[in-house]
Each structure stands twice: as C-alpha cells, then as structure tokens.
Amino acid sequence: MRKAFVITLCILSLAGLILLGLYGTRFALYLATRIMILSIFAMGYNILFGKTGLLSFGHGAFYAVGAYGMALFSLHINPHPLACIVAGLCLAFIFSLIIGFFCVRHTEIYFAMLTLAFGMMVFSLIWNLRDITGGDDGLVGISRAPIELGLFSIPIAKANQFYFLVVFFFVLSIAVIYVINNSPFGLVLSGIRENDRRIEFAGLPLRKFRLAAFVISGVFAGLAGSLSALLESNTDPFSAHWSHSAEPILVSLIGGIQTFTGPLIGSVIFVWLREIIERFTQNWMLWFGLILLLIIMGFRGGVVGVLSRIHRIILGSDTQSQRIA
Amino acid sequence: MEEKGFTRRDFMKAGLLTAAASALGPGVLRPTGLWAGTSKIKGPIKVGYQAIMSGALAGYGEFHKMGVIMAAEEINASGGIAGAKLEVQFRDSTLKKPQAIKNARYFVDSWGADFLAGVDSSGQALALAPVIAELDKVIIITHAATEKLTEQQVYKKGIRQIFRISSPTYQDGNAAAFVAKDLPAKSWATISPKYEYGYTCWRMFKNTLSILKPGASFIAESWAPFGTTDFRPHINTILDAKPDGLYSTEWAGELITFVKQAKQAGLFDKIKHVMFPVGAAMDVLEGLGKEMPDNIWISGRYFFLYPDNNQNREWVARFKKRWNHYPAYVSETGYSAMFAIKKAVEEAGSKETRKVINAMEGMMLDSPAGYRIFRKEDHQAIYDVPWGLTKTDPRYPFKIMGKQILVPAKDCFNRPPFEGPGTKPPF
Amino acid sequence: MLTSVVHVCLAGLSTGMFIWLVASGLTLIFGVLGVLNFAHGSFYMLGAYFCYTLLRVMGNNFWLGLLLGPLCVCVVGYLIERYFLRYVYHLALPYQLLLTFAFVLIFDDLVKIVWGPGSIGSPSVAGLAGSVPILGRNFPVYNIFIMVVGPLVALGMWAMLERTWWGRIIRASSSDREMASAIGVKVPALFTAVFVFGTWLGAVGGGLAAPYVGLLTPGMGESIIIDAFVVVVIGGLGSLKGAFLGALIIGLLSSFGTRYIPTFDMFLTFILMAAVLLWKPEGFFGEAK
Amino acid sequence: MTEPLMEVQHLYKAFGRVITAEDINLRFHRGVITSIIGPNGAGKSTFINMMTGSIPPDSGRIMFEGKDITSLPIHKRVRLGVCRSFQVVDVFPELTVFENVEIPILAAQRRAWKMFGLVTNERSVHEEVMEILTKVGLDANADLLANALSHGDQRLLEVAIALAARPKLLFLDEPTAGMNPIERKRILQGIRELSQEKKTTFVIVEHDMDIVFALSERIIVLHHGEVISDGTSEQTRTNDRVREVYLGEEVDL
C-alpha cells in the first residue's frame, strides 16, 4: 500500500519535472534549475549533517571548488560539459579528502569551527590567487558546449536543454543518495550520529567512516557547484564564504533534518519563499529571519516532520514504522 | 583606421551638439509634455532596477532609488515615454552574482521588464553579460566601473545590449594620472581595496603616469580586504615607505574609516598629495563632514557642483526639494539612465531591443552631469567629470570640490580597439 | 624601522583589544550557557546605534550614551534569552546557531529600517580625540584608551568570576548544571543574567567601536563576529584568559600580516584557528578533555 | 595448558599520583568465566579500558592470541575479538533494536563499507541478527526503537550488541546493574550457555557478590591497582588480604 503510494508519487514528480521542462516559462525553468542544484547540495550535505550528525560550516568551499574546477577545465583544457563536471568533482574530492582528514578528528562545535576555518581558507585562496581564479570577478565566459557522445551530440545551450541535464543529475543524485542512506554504510553513519563511541566497539574505524561521509557530501557539493557554474556561466568567490555554507543547513532545517525528502522540500521552499518575499519587499532578511525563528521555535521537525505528524494523526498508525529513511 | 574615424566623428558630433544645446539654453531636460502627441508605444515601459539594498553598502541602493524614482515621476508627469508610462521595480542585488542573475531573469522573464538598469558590483556586471545576451534586453549600468565590461563583453564579444552611463575605471585611473603629472610628487603609493577594482585602477594609474611623467616611481602598495575596519597596519606600511603622493581607490564607508584613521595617524601632514578617485561621493563627504582634510584631490562619477550651469543647479535644487538630500553620483546616473531610456525609445519609436540599441549607439544625452555620448563601439558613455581639491565652504556642512581640473573624457578614456598602440592614453 | 615595528605593534595591540571587547561577552556566554551566539554581532551593532542615538539626543555626551545605550540593548538581550534561547538549550547545536542567526538577519534589516540604510559617520569623543606622537609618528589617543579599557574589562571579569559569590555560582553552574540546581541555584535565572551581562559587554564593545571605526553601518556586526569567533576558538571555547590572549595574538597577527605578508593576511588568521583546533582544541589555558 | 587467550604483562598506569594499575600480570584462558572484583577505585574500569583500547597503559604489554595489541585502536581489537559492554546503557537510542545489533554484525561480516546496495537485502546479516536477538530474548522487540525499551531490556541489548561483534573475549561491565531478578536470571543463564559453546570467553566486572560466586570459575581481586588475589571462589573467600580489604565494607563474602 505504502510502497505503491511512494512509487506513484515518484512517477508523478518525474512526470511533473518533464512537463515543466517542456512547457515551463524560462524563469520557471531557471528557478527550478536552481532549486535542483540547491537540492543536490543540501541532500549531499545532509549525509554528513542529518545522517552522521556533523555540522559543517565549510561545505561552501567544496561547492566553490567544484565550480572553479569545472570552469578552469572548461576554459583551459576542454569545454566538454561532462569532462568539466568530472574535473570539478575530482577537485572537490581531493579538497574534501584533505580538509576532511583534519576535520573529522573533532566533533560538535570543534568540528563546526574547524570546517569554518578551512572553508574560509579556501575562500581566501580563491579571492587572492587572482591569476588562477580571477579574484572577485570570478571566472567568466564558461560556455555550455554541446555534449559530444561519439555518434551524436546533445545541445545544452538553451535553458530547457540545460534544464534536462540538471534533471538528469538531480534524479541520479537522489537515487545515489537514497541508496547510500539505506545501505549498510548508511546504517553505520546513523550509528555514528546516535553513539559514536559504540561504533568503535562494534569494530568499525570511526574516523574513516566520518571521513567517507565528509567526502561524499563534499563531492555532491562539488557537483552542485559545477552545475551552478554551467548555469550562471561564471564562478562566484562568495560561494566559498561561510554564509553560503549556511544555506544547506537552513534548507535541511526548513525541510526537516533527519528525513530523506527534507532537504529537497526545504530547497523548494527556500528558493520559492525568498522569491515571494522579494516581490513585495527589499527587506527580505527581516522576513526570512522571522520565518526561520518560527520554524525553530514551533516546527522543529521541518515541513516534512510536520506533514508526517499530520499524516500519522490522520492514519492513527503507530509511531515506529512511520520514520522516513 | 576606420574605427578611429568613428570615434573622431562621434566627438565632433558631441562638440556640435554641445554648441547647439548651449544655444538652446537650460531646460532641455525639463518635463514639457512635448511627446504627448507622438506615436504611442504599447503598454507601460518597464524598467527592472537592481542595486545593493542590504548590508554595509545599503546606502548606495537608497541613493540609486532617489534618482530613479525622481526621474520616473518627472517623466510620467510630462506624458511618459512616447505616451507610455514608465514603471520601475527595484530589487536588492546584494553582492553575490547568482542573486544579480536571478534578479535580471525575474525582471525580464517574470515581471516583463523592457529594460534593465543598475548594478553596483563589477563582478556582477561581468556575470550578467551572457545573461543579458540571452534575455536580449538593454541594460544600462549605472555604477559598476570595470572596463572589462565594455572592452571585452561589448566590444570584443559583441554583447550589444549592454550600455554604461557611469564613468568607468578610466576616470579613476587614467584621469588621476593626468592630474598627478602636474603635481610636484615624484613617488607614489596606494592603499586600495583588495579586489579587482582596486588592482585595476592602480595599474592604470601607474601605467599612464609613468608615460606622462617618466621620473615617477611607485614605491608601496597596501591592499585592504573587503570590510576592513582597521586601516592602521596599512597606514603604517605607507608611512614607512615615505612617498610624496598617495593614491587610494577606497570608497564608501571604508574610505570614511580610512580618512579618519589616516588623519589620526598624521598621514595628511606627512603626505601632501593625496588622491581619492571616489572621494567626491556624497556619502563620503557627508559622512566625514568637517573631518575631511582640505586640499585632497577627489573625483567621482558625478559631483553635484559640476557642471556649473543652470540646468545642473536646477536639477540639484529639485532633487534637494524632493529628498532633502544632495544627489549622490549614483542618483545622477540612475536618473540619467531613465532619461537615456526615454530618449532612445522615442528616437527608435519602439521599445524593441534592436531598434533601441541602434538608437542608443552614438546617442547623445543631455543630463545633469553634462552631455554624454554612448560610444558606438563599446557603449561606454563619454562625459567629463572633474577632479578637484577639497575645500571648506560655509554654505555646506561638508567639504566640497574647490579648484577643479577637467581631464576631458576623450583624452583619458581608452579607445577601441583597446589593444595596440594609440588605444590607451596619452594619445 | 623601529618606528615602524613599534607602530605595527601598537596597531596590533589596539586591534586585539578592540576585538577582545566584543569577544569577551561571546566567550562568557559560551562558557556558561554553551551557546555560540551569532547574534552577538547584532548586539555589538545595536550597542553602537543606541549609543550614537542617545549621544545625539543628550547633547553629544559620549559617556552618558555609553552608560545608557548598552542598557537598552540589554533589554533586547533579555527578551531573546527569556522568550527564545531558553527553549533551545536542550536542543542540538544547529538549532542554537540558527536561532541566533535568525536574529542577525532580523536586526540587520531592523537597523536599516529604523536608522536608514546609509552609513553614519560617528563623531569623535571629546577629550579622547587627537593623537600623541610616539617615535615621530602619531598614535590616536582613543586607541590608547581602548588599550586601557580592554585589560580593565578583563580584570573586572576575572575579579567577578574568581572573587565574588556570584562568580562562584556562575562557575559552578557552567561546570555542572544539575549539581548547581541541586544545591539551590536558580539556573534559568542565572543563565538569563549571564546572557544579559554578555549582551551588555557586546553592546559596550559596539558603543566603544563607533569612534574607533569612525562609522556605523547596518550589518557592521557581521564583520566583527567572525573575528570574535576566531578569538574565542583559539582561546579555548569559554576561557576568558584564553580569549584575551587570543585577541592579542589575532590583533598582532593581522597587523604584522598586513604589513609584512600582505597577500595572505586573512588566510593566516584561519590557519592559526585551524592549527589551534587541531593541536590544542582546549585552547591555551584549557584543560585536556 | 594451551596458550592463553589473553596475556597481560607488567601493566602499569597512573593518573597523576594515583596509581590505577601496578605491575599487573594476568592470563585469561579460553572458556573460563572470570570475575574481577574489588572496592571502588580499585582500578577495575581502568583495567577494562586498557584491555579494550580506550586508555593506553603507561607501560607493560597486552598480548591477545599471541599478538601484541597494546597500541592497537579500539576497532582493531574488536575485530580481533576483544570486546566489551558498558556499565551505563550505551546503545544507539534512535535506531531499532534490530539495527542496533545489525551494525556490529555488518562489521563482523565485513559489509559495513557497502554503499551501493540496500541494507534490507543483506540476508546473512539478518539471520545472524535474529539469532543473537533470540539468544538474549529480544527477538519480539526487534522493530522497537532502542530507547523505547525498558531499562532491563536495554541492558540486554547492550550485551547483544557486544556479542554481535563475535568476541572471543568479552568484558562485561556490571551486566546486571538495574535489572530485575527475572532479567538477571535470564542473562546469567545466557552467559553460562554461551560460555559452554566455548566461542566466547567472559570476563565480568561485578558488584553483586551473589552473581560473582554463582557464575565465576575464577575470581580476581583488585585493590589500588594491584592484584591481591587470583583463584577459585573458595580460594578467594579464604584469602586473608581479601578479607582485610573488604573488612570495612558491608560485603557478605
């Protein structure tokens, strides 16, 4: 019953995404693309945050590294989009491996502060290594060359074409993250969140698992970053700033931290809400702050948490089986 | 050769028109209702305007808005643009590029803007360029100064939808060098923002001055990161080098902080020749008040006491009456951008992008800052802004630009094709 | 050369003391309540704006402004602790951080709405304006004043915590909440008091900052809060002694960095922060975990 | 006799001036249920911590099946077969009982790193989980969250998690603390049965002397970090130093 419902919902959502791509206006496509990129960022981040229980303030750095890696490859070596994205992912992988190696030595506030420090180091490097990164101007003129696949090539220059490329990565990311979350590895990560000491006494190398979660989330951040560089056709040094690292946290919180769909729903609401607020006031920070306050004080499970609570009340079912992976 | 010819012709045209306009006298810009009878353009003319409206630079957004709202009021009171109403919507651009891009896309694709305008940050302006090409609407940049926008994006890449009404880095770098060559200072140093704008202006200043005055030397640089509140280490760096002159492209709040701290450290007693290319901004002059030292060289994108003609005086008076404020330079560029749109649409007889671009290329605009010509090749508005020395004036609660030197824009702006001999001043 | 080094030192020390004034409240609140308060930067900003306004209203009397301005901010601090923060102490770290972050957004815009979006140049303080020559180069009197106030604040806090009945209770509650409440300490009330006191320190920092920086801007708290975080971290989270030393180190590092290794000035600060966290996470004076 | 399972040589540990292990030399043999007792502060917890890797000794060696494990990290010792349970409940509170036991079994079956593949497909793991849950009598509660269990059941779960790591040598730190008599009986029975299977050797730290004497084949008494007695329950009962140490305390030997 429940499984059928979920599968129907997935198919309907995918159909919705495709219909939007075919008939949506250019602005709707643009916003949807940004929502999907933010979702990839936030869902990947949530492997570390919601699943493993580590709060990072430095994942903006990997987003930026992904974007710059992608852009540098595109500008200097080969503009093939897939190759560029892979280059961005590789760079994000290397950075998150190195930074993660140091950061996973600590937890809680110490971890948060370490990631903040390393993230701001990356920000500072991007800002200062002007010959490579273009300083605050960033790298401009990243083209959306067609994807050459031997016999045929797929153009992605137009908004709706690029939209489908992002849909592809979006769906792929959801699938991969879902599998990781529900894999043996994912269960271990949940164990780390619940009781990290006990993980070691289960015979598991705690730091290596933390590092793996860190790197996976870093690579997804890199994917989001490289897609954003393609979308906006430039890179922004501020994407490495800590204030950008706070975005997936906000998104997860709005949607619901320990839920699979939370970051996804959160991204939709985050982008959409801000768009709505900006339509009637330039004081968007005030309104956004108030909404954030309301969520933290009143709806701590996030939107998904509230929805599943309502769902539970309606169905009157027991509390155990309703937890979402 | 031909491109050079274009330029010369443009300047000749400007000269002729200047003569003609001065013959007509003031009031060219006055709302007159002249256009009430001309062919109507369908629907309102919508302009999407973005500027920084939050955080430390929020004051700039406010100044933009004052100029733009006043222009819209005047235009609509006198019958609109070719009979059509001018509508403006504002959005906060923040400093992040994705925000600027989202704003532009919202304006065009969702709100239905016919024109875009504004933009403070150079990085954002560069990031917007390909988006503008895709959206295919004319944007008038009113503040972002990077020369890369017009030289590379417009001239080289041919994104013809971009125009800039404010003066670019040429005014801050090259024009400053023209002023500096006549000063007795031989060695120069800088304290400037640690980002592209700061680097570019200093490089331009150095290059131009070393040609104009071969003996000049550049002995120290200190770069202040964005958001610096403590300039004392930078001031120490400069004082250690003991230069004759200081050149600084610090701007907005950071310039206020810098001047106050430099004054305390006695920098202005030790270094006699100090140049602030963006020192003539109203927020800086008002923020410093009497604390701005006398005899500092300042300039800007516009200064409300220049040009000293009736038209500008009346405009400043109107502005003061409307907002109880002197116009900042972004108020003027925002205001004039609206009139540039008005003129271009009316000349084109349409708000269609192609036609408007054709009308705007080489178009001459009479504005509070004087006559501007949008150079055909790179869409940069050519107009003159003075450099001058700060002085006390009992009529104002802040320092004003006293003795003024005018380096004509045609002498200090880089020229197309922007590469090779004869494209960079001195010519 | 000597002049240069001395002045770079002096600049570093005054920067350090300036950051310390802000970080002191932050570290106290973290030490006792266990909350890393993003909104501390907002208290700093509000302190500056309230002091400035009161100063204007009361005939340019800086001292009266400095006395009353932070008290107004204390009311804000009280309301935040009493009606919001109190309900998230038991929650995970992100909720606490994001709650205080929400207040940063709110106050930044409120200040913009109330006081206007433009920056306001702050007047200099009568009696502390001007500068004195040191080795042939002027040094501002106000900076010397900050360099005196900083250690005084540190001394005052130390005396309060180590020498008074209040201080003992605060220390007891920070090390063991349950124990403290078992021996009859009203922990919630104590936490409110400590938070309000921390708020007051931040607001005083803001009031003193306006003449130091020379200007008030909406969002001015954001630039200082990261510096303050760094100081609190390298001092060992919650250690006053450590934060004081940390502030001096950061001040000197940024001053010498700007003068001698200008390309990577910001980078240095964060390298230091990471290094301390990796090798001595408990800070200079902290005890091993 | 055969080679001992674990051998401790000249173990020494001090915290500041307080010596918690003073030249301890012990051998643990397969299948022998051993208890470690001693008054508070005798160094029992420190001893377990050193054996299982939480605290490094100042000097001395720990050999396990002939291998030196003195400086091995916790998880590697667990993988070799040295495991422990905890004095206070230390489970994964927001995971189900099933998942609690599943984690160490994933580790034991070397499937913990598997990222691409659903955990619900791990048949062999599931079988072993249910086996252990049945053994400790928690099979009916497999789908409950761990923190929804009663305190006694949580203690059982605690032991189940420790057992799931397939330990050869298992240190149980007060396994019956906070249990009611029925639960207590069940766990003792379980320990005895498991011990008879000879797969696991138990070392128990316990305060309850009834249990100690009912269960143990060997009793080690620690006092101020020193082994003052090592032998059968009878030998312990009659040891003079033990009587001396326990004299001031209300302990019925």
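Residue numbering restarts at 1 for every chain, and letters A, B, ... go by the order of the sequence lines. Source: prediction; values computed, not measured.
- Side-chain contact between Val176(A) and Phe116(D) is present, with heavy atoms from C-beta onward closer than 4.5 Å.
- Contacts of Ile216(A) with chain D are made by side-chain atoms alone, with heavy-atom separations under 4.5 Å and no backbone atom involved.
- Residue contact with chain A, scored on non-hydrogen atoms closer than 4.5 Å, involves the backbone and the side chain of Glu158(D) alike.
- Side-chain contact check for Ser190(A) versus Glu99(D): every heavy-atom pair is 4.5 Å or farther apart.
- Residue contact with chain A, scored on non-hydrogen atoms closer than 4.5 Å, is absent for Pro73(D).
- No side-chain heavy atom of Ser183(A) sits less than 4.5 Å from a side-chain heavy atom of Lys114(D).
- Within 6.0 Å of CD in Glu108(A) there are 12 or fewer heavy atoms belonging to other residues, nucleotides or ligands.
- Ranking Ile103(D), Asn121(D), Val125(D) against chain A, the residue ahead of the rest is Ile103(D), based on heavy-atom pairs under 4.5 Å.
- Checking side-chain atoms of Arg198(A) against main-chain N and O of Val91(D) turns up no donor-acceptor pair under 3.5 Å.
- In terms of heavy-atom pairs under 4.5 Å with chain D, the best-connected choice from Gly191(A), Ala212(A), Gly186(A) is Gly191(A).
- Using a 4.5 Å cut-off between heavy atoms, Ala108(D) does not touch chain A at all.
- Nearest heavy atoms, Phe201(A) versus Val78(D): O-CG1, 3.6 Å.
- Put simply, of Pro167(D), Ala162(D), Ala112(D), the one with the most heavy-atom pairs under 4.5 Å next to chain A is Ala112(D).
- For Lys76(D), the NZ atom sits in a loose shell: 12 or fewer heavy atoms of surrounding residues, nucleotides or ligands are nearer than 6.0 Å.
- Per-residue heavy-atom pair counts under 4.5 Å with chain A were compared for Ser54(D), Gly117(D), Ala107(D), and the maximum is reached by Gly117(D).
- Your options are Leu206(A), Val188(A), Val179(A), and the one with the most heavy-atom pairs under 4.5 Å with chain D is Val179(A).
- Annotation: maximal heavy-atom pairing with chain A below 4.5 Å, among Arg84(D), Glu102(D), Glu122(D), Met115(D), occurs at Met115(D).
- Atom CZ of Phe28(D) has more than 12 heavy atoms from other residues, nucleotides or ligands within 6.0 Å.
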Verdict with supporting geometry, Glu200(A) and Arg77(D), salt bridge (charged side-chain N to carboxylate O under 4.0 Å, His left out): CA-CA 10 Å; Glu200(A) 293 190 286; Arg77(D) 299 190 196 206; over 6 Å; no
Stepwise side chain to side chain contact (heavy atoms under 4.5 Å, CB included) test for Leu106(D) and Leu204(A): CA-CA 9 Å; Leu106(D) 284 170; Leu204(A) 295 166; over 6 Å; no
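- Considering only heavy atoms from C-beta on, Thr120(D) stays 4.5 Å or farther from Asn182(A) through its side chain.
- Using a 30° and 60° split on the angle between ring planes, Trp113(D) and Phe209(A) fall in the parallel class, below 30°.
- The CG atom of Leu187(A) sits 12.0 Å away from the CG atom of Leu118(D) when rounded to the nearest 0.5 Å.
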